[in-house]
Amino acid sequence: CVNFEDGGTAFAVGCENGRIFIRIDWEESPRSFDCQKKIHDIKFRSDTLYLNVACDNSNVFIFVLNNSSYFTVHPKKVLF
């Protein structure tokens, strides 16, 4: 899964192995987080404050932008 937001400033990729890669403002190297299950959907909110990720195990992770990173604070996990 791939999602761009804010005119391409924020870019996220979700992989089959459960890994998420994010680039913001095209920083030198992408940051990553391991959700441990296949990513089915990944979407930024229109203001790029939140990134929502749906995984194979029916979990939805909600990442919050903090100090120009989505991974400085552990995501909220919602089980459906």
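Nothing fancy with the numbering, it's 1 onward along the sequence.
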Handout entry: Sole residue of Lys38, Lys37, His40 in side-chain contact (heavy atoms from CB on, under 4.5 Å) with Glu16
Key = Lys38
Practice task
Measure up the Phe4 and Phe11 rings against each other and bin them: parallel (under 30°), tilted (30 to 60°), perpendicular (over 60°).
Solution key: tilted
Completion exercise
When rounded to the nearest 0.5 Å, the distance separating OG of Ser32 from CD1 of Ile20 is 9.0 Å
Handout entry: Asn3 side-chain N/O to Phe44 backbone N/O, donor-acceptor pair under 3.5 Å
Key = yes
Fill in the blank from the handout: Rounding to 0.5 Å, atoms CZ (Phe33) and CZ (Phe61) come to a distance of 6.0 Å
Practice task
Mind checking the CZ-CZ spacing from Arg23 to Arg31? Nearest 0.5 Å is all I need.
Solution key: 11.0 Å
Completion exercise
Between the CZ atom in Arg45 and the CD atom in Glu5, the distance rounded to the nearest 0.5 Å is 10.5 Å
Fill in the blank from the handout: All heavy atoms of Ile22 vs all of Ala12, minimum pair found to be CG1-CB, 4.0 Å
Handout entry: Note, Ile24 side chain near Thr48 side chain (heavy atom, < 4.5 Å)
Key = no
Exercise for the section: Evaluate the side-chain proximity of Ile42 to Leu51: yes if any heavy-atom separation is below 4.5 Å, no if none is. Expected result: yes
Exercise for the section: To the nearest 0.5 angstrom, please state how far the SG atom of Cys15 sits from the CZ atom of Phe21. Expected result: 5.0 Å
